[in-house]
*Asks:* 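Here it is, the structure in full.
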Amino acid sequence: LKHKPQPSPPGLGNKWEVDWFSLASVLFLLTFSPLIVYYFIMSCDQYHCSLMDPIVDVLMGNSHLSDIWNKTPFLSWKAANIYICWVTFQVMLYILVPDFCHKFLPGYVGGIQEGAVTPAGTVNKYEINGLQAWIITHALWFVNAYYFHWFSPTIIFDNWIPLLWCANILGYAVSTFAMIKSYLFPSNPNDCKFTGNLFYDYMMGIEFNPRIGKWFDFKLFFNGRPGIVAWTLINFSYAAKQQELYGQVTNSMILVNVLQGIYVLDFFWNEAWYLKTIDICHDHFGWYLGWGDCVWLPYLYTLQGLYLVYHPVQLSTANAVGILLLGLVGYYIFRMTNHQKDLFRRTDGNCKIWGKKPQYIECSYTSVDGTKYYSKLMISGFWGVARHFNYTGDLMGSLAYCLTCGFEHILPYFYIIYMTILLTHRCIRDEHRCSSKYGNDWKRYTTAVPYRLIPGVF
Ligand code: NDP
């Protein structure tokens, strides 16, 4: 059974009970997430990125909520056109241009790749061409910015709030469509998960891998593009705005562009590996992924660059170097930890980790149909330091982005706060799953590697 694909463990059937706490969380997130995004972007637009000033203004009676709303730019035809062109272009790059990068880039895995086995036992094929889409998009952007001047490189910043309405329309449309589709024409009915609770199903999704036709996969497309391809362009647009406003780009802005650029490129370089991560392997496609990828990610993951447009911070060389090192070390830990697990699982433990044969804990679990499977949990390398050291690296990188902005305002620190909550919750969620999957073997593993994120602390 060594290399046999392994379906999901018991408990991942297609009928789930929703407890009141999950339902309350879902209702809270559905209601407040769009407001949080609006509040952050509006605070920058109207209050120079202060999160307190709008509240103080309203409480002191200096402003009414309606004043703030009236000053908010509305949806414009220009923004709608930009957004439609953007999404259409990304869809075309995704479905019409087969990957050629893997033909000449050594070590890059692209082209047609298989995903993990779904709970119903299906193995989906994916066209991995995100790196190519990223390169083509950015090449066109630079040709425009420095040669043809079809549009200003500040175009994203200049239309940021009208574009927010477009992103929301797409986010809600795609989540609603995915919900309707799962009832009327699901891509794989056996992989649908119904709880009977409309709100929960809308948010967490019913279909596992909704598709249109053979290749248009909702999860892969919306997770990676248009949001993550846009991430680096959004940052460039902020840098261009700094140049326009102040005649120079600060070192903090360059750091944000470089560190987040590495993260984005890493994502596309490893897009095939991404098919095996929790998002694709365990999450269903609903509002959480659909709206989250369209709105939450491009708007809140890029807050540091936006902040630096309003508050251009010039860091001392020592601070800049320190932040760069923190970001690079974080990235190294994040990448190497993910790489070690990937190598370990691919070779079934027949590899070297830090120059030695890896140690591991043998474990077993029983699938829905009663078949027993065997697996291994590595306790060498970074996986022996903590059970989720990849998350720790990710958090170090996230902190580095925030530190570029100095300490005047809390807004740019939203990212590290959010990532800490997201990854801690993810860690607990994953461990809960692993514990019910592996039972006693998981206990042996947690005894061997007692800490989750920071050795000696948590
Ligand atoms: P992991 O890559 O950590 O995968 C967890 C799974 O790995 C477990 O469910 C288990 O699966 C297996 N596993 C756990 N321990 C071991 C071990 N010791 N040896 C071998 N296999 C083990 O989780 P994610 O998919 O969540 O994260 C992937 C990356 O994506 C992370 O680096 C994370 O930081 C990043 N990320 C970034 C986000 C962002 O918004 N920027 C959001 C989410 C993730 P099995 O059932 O196969 O045993």
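For the numbers below, each heavy atom of this structure counts, side chains included, while hydrogens, waters and symmetry mates do not.
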*Asks:* Check ring-ring contact (aromatic ring centres under 6.0 Å, His included) between F285 and all other residues, then give those that pass, not counting sequence neighbours.
*Replies:*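 Per chain and number, F285 pairs via ring-ring contact (aromatic ring centres under 6.0 Å, His included) with F218.
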*Asks:* Under 6.0 Å between ring centres: does that hold for F267 and Y274?
*Replies:*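 They qualify: ring centres under 6.0 Å apart.
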*Asks:* When the ring planes of F157 and Y310 are compared, do they come out parallel, tilted or perpendicular, using 30° and 60° as the limits?
*Replies:*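 Ring orientation, 0 to 90° scale: tilted.
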*Asks:* For D217, what residues pass the salt bridge (charged side-chain N to carboxylate O under 4.0 Å, His left out) criterion, not counting sequence neighbours?
*Replies:*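 Partners of D217 under the salt bridge (charged side-chain N to carboxylate O under 4.0 Å, His left out) test: R211.
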*Asks:* Angle class for the W442/Y438 ring planes (parallel below 30°, perpendicular above 60°, tilted otherwise)?
*Replies:*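 Answer is parallel, since the angle falls under 30°.
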*Asks:* Let me confirm one number: the CD1-OH distance from I206 to Y200, rounded to the nearest 0.5 Å.
*Replies:*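 Output value for this atom pair is 11.5 Å.
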*Asks:* I'd like to check the salt bridge (charged side-chain N to carboxylate O under 4.0 Å, His left out) partners of D430; sequence neighbours left out, ordered by chain and number.
*Replies:*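 If we apply the salt bridge (charged side-chain N to carboxylate O under 4.0 Å, His left out) test to D430, skipping adjacent residues, the hits are R433.
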*Asks:* Take atom OH of Y332 as the centre, draw a 6.0 Å sphere, and report whether it contains more than 12 heavy atoms from other residues, nucleotides or ligands.
*Replies:*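 Atom OH in Y332 is not crowded, with 12 or fewer foreign heavy atoms closer than 6.0 Å.
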*Asks:* Does some side-chain heavy atom of F382 sit less than 4.5 Å from a side-chain heavy atom of T392?
*Replies:*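 Side chain of T392 against side chain of F382, heavy atoms only: no contact under 4.5 Å found.
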*Asks:* Please tell me whether F216 and Y94 form a close aromatic pair, meaning their ring centres lie under 6.0 Å apart.
*Replies:*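 They qualify: ring centres under 6.0 Å apart.
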*Asks:* Can you list the residues that meet the ring-ring contact (aromatic ring centres under 6.0 Å, His included) rule with Y415, with sequence neighbours excluded?
*Replies:*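 By the ring-ring contact (aromatic ring centres under 6.0 Å, His included) rule, Y415 matches Y301, Y401.
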*Asks:* Would you check if L220 and E271 make a side-chain contact, meaning some heavy-atom pair closer than 4.5 Å?
*Replies:*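 Side-chain contact under 4.5 Å: yes.
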*Asks:* Under 3.5 Å, side chain of T420 to main-chain N/O of I416, donor-acceptor pair present?
*Replies:*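 Yes; judged by distance alone, with no hydrogens or angles, the pair exists.
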*Asks:* Listing request: all salt bridge (charged side-chain N to carboxylate O under 4.0 Å, His left out) pairs with a residue in residues 321-335, at least two apart in sequence or in separate chains.
*Replies:*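 Every salt bridge (charged side-chain N to carboxylate O under 4.0 Å, His left out) pair that includes a residue of residues 321-335, provided the two are not neighbours, is D266-R335.
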*Asks:* Do the non-hydrogen side-chain atoms of N235 and V264 ever get within less than 4.5 Å of each other?
*Replies:*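 No. Closest side-chain heavy atoms not under 4.5 Å.
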*Asks:* Taking only residues two or more places apart in sequence, or in another chain, which ones meet H409 in a ring-ring contact (aromatic ring centres under 6.0 Å, His included)?
*Replies:*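 So H409 forms a ring-ring contact (aromatic ring centres under 6.0 Å, His included) with Y307, H311.
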*Asks:* How about F89: does its CZ atom have over 12 heavy atoms from other parts shown lying under 6.0 Å from it?
*Replies:*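 Counting neighbours around CZ of F89, more than 12 heavy atoms of other residues, nucleotides or ligands fall under 6.0 Å, so yes.
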*Asks:* Check salt bridge (charged side-chain N to carboxylate O under 4.0 Å, His left out) between K181 and all other residues, then give those that pass, not counting sequence neighbours.
*Replies:*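 If we apply the salt bridge (charged side-chain N to carboxylate O under 4.0 Å, His left out) test to K181, skipping adjacent residues, the hits are E207.
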*Asks:* Residues in salt bridge (charged side-chain N to carboxylate O under 4.0 Å, His left out) with D53, at least two apart?
*Replies:*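 D53 satisfies salt bridge (charged side-chain N to carboxylate O under 4.0 Å, His left out) with no residue once adjacent residues are dropped.
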*Asks:* Once salt bridge (charged side-chain N to carboxylate O under 4.0 Å, His left out) is applied, what residue pairs with a partner in residues 387-400 remain, sequence neighbours excluded?
*Replies:*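 Sorted pair list: R387-E431.
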*Asks:* Just distance, no hydrogens or angles: give the donor-acceptor pairs under 3.5 Å from side chains in residues 105-114, sequence neighbours left out.
*Replies:*
unit_1 : atom_1 : unit_2 : atom_2 : d
Q113   : NE2    : G110   : O      : 3.0

*Asks:* Got a sec, which residues hit disulfide (SG to SG under 2.5 Å) with C44, two or more places apart in sequence or on another chain?
*Replies:*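 C49.
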*Asks:* Under 4.5 Å between any side-chain heavy atoms of W287 and S33, yes or no?
*Replies:*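 Yes, at least one pair of side-chain atoms sits under 4.5 Å.
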*Asks:* Sequence neighbours excluded, which residues qualify as ring-ring contact (aromatic ring centres under 6.0 Å, His included) partners of W215?
*Replies:*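 By the ring-ring contact (aromatic ring centres under 6.0 Å, His included) rule, W215 matches no residue at all.
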*Asks:* Quick check: do W160 and T302 have side-chain heavy atoms less than 4.5 Å from each other?
*Replies:*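 The answer is yes; the side chains approach within 4.5 Å.
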